K.L.:
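Sharing a structure, written as structure tokens. Questions coming.
Predicted model, so just to flag it, every value in this text is computed and none were measured. Convention: sequence-line order gives letters A, B, ...; per-chain numbering from 1.
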Protein chains: 2
Amino acid sequence: MPRVVSERADVMPALTEVFREHGFEGASLALIGQRTNLGKGSLYHFFPGGKEEMASAVLGEIGAWFETSVFKPLRDENDPRRAIGRMFEAVDTYFRSGQRVCLVGAFALGDARDRFAAQIHAYFAVWNDALRGALVRAGRDEETARTLAEEVLAAIQGSLVLARALNDPGSFQRALERLKARLETA
Amino acid sequence: MPRVVSERADVMPALTEVFREHGFEGASLALIGQRTNLGKGSLYHFFPGGKEEMASAVLGEIGAWFETSVFKPLRDENDPRRAIGRMFEAVDTYFRSGQRVCLVGAFALGDARDRFAAQIHAYFAVWNDALRGALVRAGRDEETARTLAEEVLAAIQGSLVLARALNDPGSFQRALERLKARLETA
DNA sequence: AAATGACTTGACCATTCGGTACAGTCGCGA
DNA sequence: TCGCGACTGTACCGAATGGTCAAGTCATTT
């Protein structure tokens, strides 16, 4: 039998995909095991806390990715308009132009909401804040920026729901285009 | 022991709430039984197809409610602006001003997507169509109406996600106000 | 009053669940 | 070369899962 020494990081992509496709309750250890090519022994070696720790790690990784690829640029980049443009690019890539679902959003709507409330809340709150800040730096007044940021987040999440429900990724792409256009016009 | 003769319709509200709160996988028969005050025997008497038929019935009832309370008025009412206003009222009531989640949206994002693809698709497609039609009758050109309808549906769904994630029903209410304002300005 | 049939109960079934235990297998530092 | 510790597969656990079923209980019909 092959000994494939792996580390936690190696299984994260597969783990993420399983939770994204099946939700928390739907992702059984059996399924996780076969998708990661890891026995329960290994799984519990890397995640002593079991399924809950696995899901939490996935949320953490997603949060970290967005932090470096989206939130931080929104806060730090000199040109806020450029940062916002990059945000849309990153979002489009991440959600595979609407073919992928937002795990955090799915968790928020489902039964995993309470269990991971803090991480789910943080994801959206931090994004909202970073975007609002960038909009202010781009010249919007505080109130408009607040409204716009909330609107953008909701539109992204909602269009992902629609894309998935109607089996039409175009819903997501069109939403992104609309949002870009709206944020560009001063 | 009390004999409480019930019919299918009596258990629908409780059934709906269980699926809404726990999703398809998360709603166990034990949970369903205690929330409906019905033993498995009765449950299987009313829904021979088991959990799947229960969830399907719930989706059907939701669809029917929206059909008579939202879609049909959008299509048939003489004054399309009035119909749209009523749609927002109905939606606000139905989702308890953002404290309730959209079961159809939650199913669309989760693992129940494939199982109930047809019903999920129909819900959004019919709504989209009815709203687009009303917007055209209200004076919008075909293309604007199509875009606006899609935008409204996505905004509603997205703001429900946000409301739930941020634990702030206000996200939903503000979204509804914004949408109302946007659809009123010709 | 007997029969019917919708409704209910609770025991029961095989399967799967998340999780544990443990006997290994190997890479690596001493 | 030896032993430690990281890693892995598998057998196993009790509980819970979705689902079945026989044996009722009654209100209604006849």
K.L.:
Y44(B): which residues meet the side-chain contact (heavy atoms from CB on, under 4.5 Å) condition with it, sequence neighbours left out?
P.N.:
L29(B)
K.L.:
List the atom pairs, with distances to 0.1 Å, where a side-chain N or O of residues 96-113 of chain A and a protein N or O form a donor-acceptor pair under 3.5 Å, not counting sequence neighbours.
P.N.:
| from | atom 1 | to | atom 2 | distance (Å) |
| --- | --- | --- | --- | --- |
| S97(A) | OG | D92(A) | OD1 | 3.3 |
| R100(A) | NH1 | Y94(A) | O | 2.9 |
| R113(A) | NH1 | R164(B) | O | 2.6 |

K.L.:
Take atom CD of Q34(B) and atom C1' of dG10(C), then tell me their distance rounded to the nearest Å.
P.N.:
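Result: 16 Å.
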K.L.:
Provide, to the nearest angstrom, the distance between the CG atom belonging to D10(B) and the C1' atom belonging to dA6(C).
P.N.:
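The distance from CG of D10(B) to C1' of dA6(C) comes to 14 Å, rounded to the nearest Å.
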K.L.:
What does the B/S/- profile of nucleotides 16-22 of chain D look like, 5' to 3', with a 4.0 Å heavy-atom cutoff to protein?
P.N.:
-SBBBB-
K.L.:
Using the ring of each side chain (for Trp, its six-membered ring), is Y123(A) parallel, tilted or perpendicular to W127(A), with breaks at 30° and 60°?
P.N.:
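Y123(A) vs W127(A) ring planes: perpendicular.
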K.L.:
How close or far is atom C1' of dT8(D) from atom CG of L38(A), stated in whole angstroms?
P.N.:
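L38(A) atom CG is separated from dT8(D) atom C1' by 8 Å.
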K.L.:
Could you state the CZ-P distance from F47(A) to dT8(D), rounded to the nearest angstrom?
P.N.:
12 Å
K.L.:
Could you state the CZ-P distance from F46(A) to dG9(D), rounded to the nearest angstrom?
P.N.:
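The distance from CZ of F46(A) to P of dG9(D) comes to 10 Å, rounded to the nearest Å.
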K.L.:
What pairs with R174(B) under side-chain contact (heavy atoms from CB on, under 4.5 Å), at least two apart in sequence or on another chain?
P.N.:
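Once residues adjacent in sequence are excluded, the partners of R174(B) under the side-chain contact (heavy atoms from CB on, under 4.5 Å) criterion are E150(A), D168(B), S171(B), R178(B).
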K.L.:
Could you give the CZ-to-C1' distance, from R8(A) to dA6(D), as a whole number of Å?
P.N.:
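Rounded to the whole Å, the gap is 15 Å.
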K.L.:
How many Å lie between CD on E53(A) and C1' on dG19(C), as a whole number?
P.N.:
14 Å
K.L.:
Which pairs with one or both residues in residues 57-71 of chain B pass side chain to side chain donor-acceptor pair (under 3.5 Å), sequence neighbours excluded?
P.N.:
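For residues 57-71 of chain B: E67(B)-R75(B).
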K.L.:
My understanding is that only residues two or more places apart in sequence, or in another chain, count here; which of them pass side-chain contact (heavy atoms from CB on, under 4.5 Å) with E52(A)?
P.N.:
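R115(A), F116(A).
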